[in-house]
Every structure is written in C-alpha cells, then in structure tokens.
Novice: 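The structure that follows is given in the form of structure tokens.
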Amino acid sequence: MAFSKHFEHQERETEIYRKWEDSGAFRADAASEKPPFTISMPPPNATGTLHLGHAIMLVLEDLMIRWRRMAGDEALWVPGSDHAAIATESVVIRLLQKEGIADPRGTFGREGLVERIAEYVEKSRGTIRSQVRGMGSSCDWSRERYTMDPQLSRCVAEVFGKMFRDGLIYRGARIVNWDPGLQTTISDDEIDHVEQSDAKFYTLRYGPFLIGTSRPETKLGDTAVAVHPDDERYKDFVGKSFEIAWPKGPTIHVRVVADEAVDPEFGTGALGVTPAHSQTDFEIAERHGLPLIPIIGEDGRMTAAAGPYAGMTVLECRKAFVADLDEAGLVAEVKTYPQRLSICYRSKQAIEPLIKAQWFIDVNKPAVPWKGKLMSLRQVLRDVVESGDIQLVPRHEEKTYFHWIDNLRDWCISRQIWWGHRIPVWYRGEQEVYVGHRGPEGQGWTQDSDTLDTWFSSALWTWSTLVDPELAKNQDIGLTDLLAQSPDFQKFHSTSVMETGYDILFFWVARMILMTTYATGAVPFRTVYLHGLILDRDGEKMTKSKPETSIDPLDTIRDLGADPLRISMVIGNSAGTDFRLSPERLEAGKHLVNKLWNAAKLVERTIQGEGAETDAVSAAATHPVNRWMVARAHQLIDTVDGRLAAWAFGDAAEQIRSSFWGDFCDVYLETVKVPELAGLPETRAVALHVFDIYLRLFHPFIPFVTEEIWEQLGRPGLLIRAGWPKASLHEAWPEDVGGVDAVMRMIVSLRRIRSEARIEPKATVAASVRVFAYADTVKACEPIVRKLANLESFEWLAADAVLPSGAVTAADPAFLVAVDLGEANREAERDRLRKELEEAERRLANVGKRLANEQFVRNAKPEIVEGARAEEREIQSLKGTLEERLRELGG
RNA sequence: AGGCCCGUAGCUCAGUUGGUUAGAGCGCUACGUUGACAUCGUAGAGGUCAGCGGUUCGAAUCCGCUCGGGCCUACCA
C-alpha cells in the first residue's frame, strides 16, 4: 500500500475511530482475568460544547487507558454526562426567556419545565458525544451513563436514606447562602469572592457604642452588640440591654454580650450582631440565645421588619438608611475599605446569607464505621489520604486538601430548583416523615419540593455507574447486595485513577471520597491526578473576545487533526500546573505528526525485501549501528515506563519525541541510507522492529496517525490492541553503543570543522583519524562517516604517524580526527588547541580535586566515584592527545 | 489573616531520591536542501538556575530569610 503525501486526518480519523469501535477494543470485560484498570470520565456538563478543559481531560485519560490496555490490563473507561442541576436549569430558563416566555416556571409548571430541560439535555448530550469521539477517546460507549439514569437515581435516593438513618443527614434552620437571582441556596464551595476595593466602611453611633459595618442596612435586624470578654472599654456594658430607635424606625432591642469571636483590635471593638444575615453573628446568637430578626427576604428585598424600608432592595435600603442616619448625625465616619463580596460562581450574583430550613450533611458526627472505628465523615476524608489509600498527584495538593477539611462545615445539600434529584422525603401532616427510595404507601403524602445539590449525585459517580441496570430494577435488593451482585462494580471498583482539574478538587473529588467511602466502604479511586488550567499564550484564561490567542479544540481538530492537538497538550504539561497552549505549540505538534508520517514513508521503503519480519533478527543484529539503534529503543521503553509510572506524561511524551526525532530520524534513518548498511537484511528487520516500538510508544499520545501507519505498513491487527513494548535489549552490546556514540561525535566534529572553515556542503574533503577506543566499531562504521561527513578519503593513522602541519583537528577521548586545510590554518589551530587544553586541564583539576577528597571517596555512592574516575581517565587521555598535537605544531 | 505553588536561555517550560560540562520546544545567527519531511537538515550563539545566608565532600535541587509573581481558603463585622 502506498502512503499518501500527508496524513489525511479529516478523512481518516473518523474511519479509524469507527474501526476501533467496531473491533470492540473499547469494551471492557467484567469476566476477564486481567487486572482491572478503571477510569470514570468526569461527566462533562450536558450544556455546552467541548472546550479545552474537556480536551485536556480526555487526552490524559485516553492516554492512560490506551497505555494500560496495551500493557495488558482490562481497561475500562466509563463515559457519561451530568445533569448539572443549576447550570442546566438556568441555561434553559434563559433560552426560554429569549424565546419570549418571561416566566418559564410559572408558564410550564414543575413537570413541564423539567420535561423541556430533559429535551434540551438529550440534544446537547449528542453533541458532546460526537466531540468526545472526535478527540479519539477510547471509552466504553456500551457503558455510557447519565446521572439521571434510573439505577443512578436509585443510588442517590438509597444513599440519602442510609445517611438519614445514620443521622448523617439532618434538616435544620441555619444560615445558608442564598442566591436571590437563582432563587436557591448554594453550598459554601459554590461561592466566589470578588475583591471590592471601593467598598465603604461605616462607623455608626449605635446607642452608647460606636460600631463599624460595611452593611449598614443589616443593622435594622440587630439583636445584640458583641464585645470581647477581656475588653476593658466595654466591661461594664456586658449583660445590659438598650433600645435603639432608628431615625425613621424601626426600634431594635439589643443586648450586650461578651464573645471570643470579636476582635477587639478591629474597628471600635464592638460588633453589631445581625443573627439572621451573617454566619458569624448567627453563631454568636446561638451561643447567647439571642433572637433572630430576618429583615432581608428571599427576593433580595427588605421585609416588613425593616419598617419604612420594606420592599426596597438591599442596595436601595443601604442608600436610604445611611442618608437617614446621616441626617440624624449618627454616621461618625465613612471610609473606603477593601472588602470581599461573596458571589455565586454560576450566576455571579451577590449572595445573601439568610436563615432557611434546609437539608445538611453532618460532617462531624462519628457515625461512619471505618477501619474498625466509628469516624466522622471529616475524619474519614482525612484518613484515606493520610494513610495512603488515596494518593494525590501532585503530592502537594494533599496539603490543600487537608486545609479544606480543616475548614469544612456541614454541607447544605438541598436546592430550590426543579432540575435534579428530588429529595426522597415525604411529609404527611405536621408529624409524619417518610424517607426512602421507594416512596411512601398510603394517601396524603407530599414530597419535599427541593432537589439535591448536583454534587451529591456526582459524588457517587465512580460506583453508581457500575451498578447493574437490570439488577437495580429489583427494588427488593438493598444497596449492599446491589453492589455485591453487580459484576462491573465487583471487577472495576475502586477505580484506578481519577483525573480531573485541580479547580474541582473540593467540589467533586473530596465529595466523591466522602460519599463513596461512606456508602460502599471502599475508596472511590486509588490515585487522583490533577491537571492544571489551560491558558492562552499570555497565561490568561482563553476567551472568545481574544480570538488571536483563543484556541478552539473543534477548530483545531478540523484543521490539524486530533493528534496534533493531543500531543501539543501533553508535551510540557505536568500535574497540577497551569498550561499555556499557543498556536506555536500546536504548530510543533503538527510537525511531529508530520515527521512521523514521513518517517513511515522512508521506513516502508527501507524495509522492502527479505528479512524485515522478525524481532529475532533484530536481537541477533551484528552491525554496530543496528545494535545501537535497538539498544536505544529499548532504553527508551525503559525510560518511558518509568516516566509513565510516575505520572509524568509530558515527560514521557517528550522522551519519545526526542528519541524518535534525534536517534531514529536524524541518526539512524540517515545512517541506513548508506549502501553498506542498507543492503543488510538485518537492517530491514531492525528498522521495522524499532519503528514498531516507536509506533506503540506513541500510540497513547497520537492514536490516529499511529494506527494508520500501523495498517499501511501491514502490521498485524489493530495497534490499539497491540501489546506495550518490553525493554529487553537495552543493556546489550555496550561496546557497540559506546562505539557508535563515538562515531556520531566523530561525524559532528568533522562537520564542525567543515562548517567553521566554510567548506561548501557539497565539497568533499580528505580526513584522517587516529582511534584510541572502539576501533572495531569505528572501522565497521567507516562508510557511514565517509557519507555523513562527505569525505573524499578517510585515512587511518598509525599511532606514530605525524599529522600534516596544516591539519585542523578535533580531539575526543576516543579519537583524533583531522582535515588538512593547509598551512594558513596553523595559527588558528594552535590557538584552538591551547584553549581546549586549558579547558581539559581545568576539568582535570576539578575532577582530581574531587577524587583527592577523602570525604568524597568515602561518602559518595560507589557508582558516582567510579564515574569520576572514568572521567579523569578520559580527560587525561584527551589532554595527552592535545599536548601531542601541540608538540607536532611546535608548541 | 492563614495556606499552597512558582521564580532556570529572548519566550514557554522540563530538570525524578543533592553528584559537578543545566536540557527541550519556539525564537535567533550562518550555511544548505525539488526524491521521507505543508519542510527538513547541519553548525552555532544564548543561562552568576531571583537575591542573601546555611547544611554538605558536593546545592538549580535540602533548610532559613528577603524580594517578585500567581492561586486557594476564611466568620475581622
């Protein structure tokens, strides 16, 4: 089969993907004897199209899966998507509003709206699916899951019930983060903080106190003033009560309480306590039994309790209230003070802390049986990482993780939106409550109207996806048995690696650890690989508004192919670090794929003829260059295995790239063009054997082009199912390897002499050589040196032969090469030799000093000392050569 | 306020448990190239590894401090 001029990615990629899929290579077998290797694909939101955040995730996971599959594991990559509750609902509502439906909730009602959202999701899931395919992702589509699949929904309800029974889920009225725009609570982790440098800080006259606040309007709901217990200034006030009549009403009653939470150094040291609208104040109020007065409603407007300000928005009220205070002379000071405003990470709206009865997960109750003890969820979270059950890559993310745990509070899991898993709780009358996945029997029950935080269901993802869908239809089997009898769960859980962005370590990773370890008694995954953000060339987030630096994966796949995109995103990328993807990088990726394609063409030509069949021929190769190439390739396998095992994917890819380009293309393929080598049957075998290794090593990174070449070269079967290469010959033939390295240095030396002397590349020159080591190898490689250095003649000098006085030389521990360029070069030659001699002496002194140091010889590892001795011998010999040559030139 | 990370060539970054001539890609200089190469090749220039101090036979690497940059968390109202 003839290779086309270029790899036609547009036609071939789809075709190749279909071939993989049809072959069943993506499908894992739960009955297999092979060790499992499992990755749960982080479900892309069912709302958008593929972006670079998805792309990097798909690339890294696919390369792991392909690598482990080739290495003989039963590799399972479970794809799927997430219903993404808040995100999806708000997107659809906005779409409907654009279509002219002002109030979609009111217009369609709960069921109608949910139906519309489901339709929308179904459509965008199709889009995402094909884009995931476009990246070359070798995931098991037969096991595709969706968080709203019946069996996954059942897991959600089961876990809720289990936690409720264990007392880990409770309902309570507490301060929650209310998003007045989305009309729902959100969790602590869904809040972003934006710096407000121009925020105002007011000092108000407040009865007998001066108090500071950045939110004067909340003072309408104050019920106390808190001071530090040790604060002498306010000692006499503690325990007293007083009234404050605001200029235009209302009147509030405040008690003075002493509380450790107050920082006496801040402001005036007196804090107006607004229990209904501040977390800190709420806690103070709990400690002192203070009343709560909600003054801000869920619509973000002031309530009736705010008196004349009722109905105003918070900001309107602030303005009006401050004006009134000012008029009454109650504003003592106003200054600008930098402040952090809490906003919802989705809606970007200001969060209003207020009191609301919600469902919470108790993270402190010791109710989780783990390692023979009863632990709190918080303790379990800590234990599994501390004990090494779960390893974070990079390691330092563990510190961030522990820090998060230390600050973790009860997790509010109920949301006032409609799209999602409805809370599996039913009420009848005032007293009766039913909790469970089946629903209550009898009449008159009403289900809780809230839905669960989307992360509640995502937190079960590693295993709810592995529950057998058929089995789950049987409602009589409990959760434990459901897991015990699901073949996929038994075979593939705990999963091997969770690969995702560090930005959702808390949102998702930590919650999976929390929920899964609790629910299944096993950690969700062994290793967490966290990738960084994909940024533009300038280190900023890519946005459509900067098209010159913004890269769209879909455009890239169309224009360059998936392979260049993939390799560009991997090389130079490492765990936990942000990555700048630029057009220049994509260009480099494109060149690499192109280089591989062209190398394939040359290899195809090279291997025509007998002998290009078996690896055995390679193992029996006799020519030093062939042996060198085989050894280099096997050494590379060894290196790559090490880098992959250390999760250093970027490094692994770079090693393959540089060996392929440098050793194979620049050296070997050039070398085997020399007839003496090209004519050997073993050369054909080695070229194929080694190229085969490169194809296998490259495959996880650039699967399409490697698969195509594999087929074009007539290799057996599909590359995706081929075995991972094994390093066996990397330490063979050290004499040949060292010798060929010397030959390569010899060629470079000769080229440099030519280049410096401005000799036309086409012009041949006469060279001579004196060889001190690897004589046999060098002899065998003579035709290669002649060809690659373009020599007219290559004379072997006897040890006592004198070089022509006009010779320009290059000295090496293994040889001395010379090109006669005439007397005119004599002075320059002498200067250069002197300089080199100086350098050699400097290095010799250096290594000598080291070896003379008893401490070094005693303490350093033996191989280091031996290395130093070898170095000393080498430089010594080099020095001798240089001195001798200088003597020839008369000093 | 606390925590984490980073500072290596003009740019973007590698640099495994400390081992002595610190690497790559892109860019740059010179030369060459219609038979593998939407190019590619050959040769080359370019680094006091942010600074200071310490540990060590030996430090880009470990420790401390300083300076600069980024990120995360938080109940200083």
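It should be emphasised that the depicted structure is a prediction, and the values quoted were computed from it without experimental measurement.
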Novice: Indicate whether the side chain of A:Asp189 and that of A:Trp404 have a donor and an acceptor atom separated by less than 3.5 Å.
Specialist: yes
Novice: Taking any strand in view, what nucleotide pairs with B:rC4 in a Watson-Crick or G-U wobble way, both distances under 3.5 Å?
Specialist: B:rG70
Novice: Which is true for A:Lys399 with a 4.0 Å heavy-atom rule: it touches a base, it touches only sugar-phosphate, or it touches nothing?
Specialist: sugar-phosphate
Novice: What nucleotide, of B:rC40, B:rA74, B:rU16, holds the atom closest to the side chain of A:Arg643?
Specialist: B:rU16
Novice: Whether the A:Gln339 and A:Ser214 side chains hold a donor-acceptor pair (N or O, under 3.5 Å, no angle test) is what I'd like checked.
Specialist: yes
Novice: Once you apply a heavy-atom cut-off of 4.0 Å, does A:Arg754 come out as touching a base, just sugar-phosphate, or nothing?
Specialist: nothing
Novice: At under 4.0 Å, does any side-chain N or O of A:Thr577 touch on OP1 or OP2 of B:rC5?
Specialist: no
Novice: Measure CG/A:Asp281 against C1'/B:rC76 and give the value in whole Å, please.
Specialist: 11 Å
Novice: Phosphate oxygens OP1/OP2 of B:rG44: is one of them under 4.0 Å from a side-chain N or O of A:Arg752?
Specialist: yes
Novice: For the side chain of A:Asn594, counting heavy atoms from C-beta on, which of B:rA36, B:rG25, B:rA38 is nearest?
Specialist: B:rA38
Novice: Testing the 3.5 Å rule here: is there a donor-acceptor pair between the side chains of A:Lys601 and A:Asn598?
Specialist: yes
Novice: Starting the side chain at C-beta, find the nucleotide from B:rC4, B:rU73, B:rA36 nearest to A:Phe506.
Specialist: B:rU73
Novice: Heavy-atom count check: over 12 atoms from other residues, nucleotides or ligands less than 6.0 Å from A:Glu863 CD?
Specialist: yes
Novice: Scan every strand shown for a Watson-Crick or G-U wobble partner of B:rA77, both distances under 3.5 Å, and answer none if you come up empty.
Specialist: none
Novice: With a 4.0 Å cut-off on heavy atoms, is A:Ala599 in touch with a base, just the backbone sugar-phosphate, or nothing at all?
Specialist: base
Novice: NA contact type, A:Thr606, heavy-atom cut-off 4.0 Å: base, sugar-phosphate, or nothing?
Specialist: nothing
Novice: So, is A:Arg215 near the phosphate of B:rA77, with a side-chain N or O under 4.0 Å from OP1 or OP2?
Specialist: no
Novice: RNA chain B: A:Ala860 or A:Glu265, which has the more 5' nearest nucleotide?
Specialist: A:Ala860
Novice: Has A:His403 got its ring stacked on B:rG2, by the test of a centre gap below 5.5 Å and a plane angle below 30°?
Specialist: no
Novice: According to a strict under-4.0 Å criterion, is A:Lys849 in side-chain N/O contact with OP1 or OP2 of B:rC57?
Specialist: no
Novice: Base, sugar-phosphate or nothing for A:Trp647? Non-hydrogen atoms, less than 4.0 Å.
Specialist: nothing
Novice: Which part of the nucleic acid does A:Val748 contact within heavy-atom distance under 4.0 Å: base, sugar-phosphate only, or nothing?
Specialist: sugar-phosphate
Novice: Would you mind telling me which of B:rU12, B:rA74, B:rG32 lies closest to the side-chain atoms of A:Arg580?
Specialist: B:rU12
Novice: Could you tell me whether A:Phe664 contacts a base, only the sugar-phosphate backbone, or nothing, with contacts defined as non-hydrogen atoms closer than 4.0 Å?
Specialist: nothing
Novice: Nearest to the side chain of A:Glu654, heavy atoms from C-beta on, is which of B:rA24, B:rG41, B:rA77?
Specialist: B:rA24
Novice: Please determine, for the side chain of A:Arg751, which listed nucleotide (B:rU42, B:rG19, B:rU73) has the closest atom?
Specialist: B:rU42
Novice: Base, sugar-phosphate, or nothing for A:His396, non-hydrogen atoms under 4.0 angstrom?
Specialist: sugar-phosphate
Novice: If you look at every strand shown and take non-hydrogen atoms under 4.0 Å, does A:Gly267 touch a base, only sugar-phosphate, or nothing?
Specialist: nothing
Novice: Give a yes/no on whether any side-chain N or O of A:His591 is located under 4.0 angstrom from OP1 or OP2 of B:rC40.
Specialist: yes
Novice: The side chain of A:Arg409 is closest to which nucleotide in this list: B:rA77, B:rC75, B:rU42?
Specialist: B:rC75
Novice: Counting any heavy atom closer than 4.0 Å, what does A:Ser755 reach on the DNA or RNA strands: base, sugar-phosphate only, or nothing?
Specialist: sugar-phosphate
Novice: Is the A:Phe266 ring parallel, tilted or perpendicular to the A:Tyr337 ring (thresholds 30°, 60°)?
Specialist: perpendicular
Novice: For B:rG19, give the paired nucleotide (Watson-Crick: N1-N3 plus N6-O4 or O6-N4; G-U: N1-O2 and O6-N3; both under 3.5 Å), or none.
Specialist: B:rC57
Novice: Taking a pair as Watson-Crick or G-U wobble with both distances under 3.5 Å, which nucleotide is matched to B:rC65?
Specialist: B:rG51
Novice: Are the ring centres of A:Phe506 and A:Tyr401 closer than 6.0 Å?
Specialist: no
Novice: Quiz question: by atom type and distance under 3.5 Å, do the side chains of A:Asp563 and A:His9 form a donor-acceptor pair?
Specialist: no
Novice: If you check every side-chain atom of A:Arg585, which of B:rG19, B:rA43, B:rU12 has the closest atom?
Specialist: B:rU12
Novice: Side chain of A:Leu602 only, heavy atoms from C-beta on: which candidate in B:rA77, B:rA36, B:rU42 is closest?
Specialist: B:rA36
Novice: Indicate, yes or no, whether a donor-acceptor pair under 3.5 Å links the base of B:rA36 to the side chain of A:Glu670.
Specialist: yes
Novice: Of the nucleotides B:rA36, B:rA77, B:rC57, which has the atom closest to the A:Gln339 side chain?
Specialist: B:rA77
Novice: Which base, if any, makes a Watson-Crick or G-U wobble pair with B:rC40, both distances under 3.5 Å?
Specialist: B:rG32
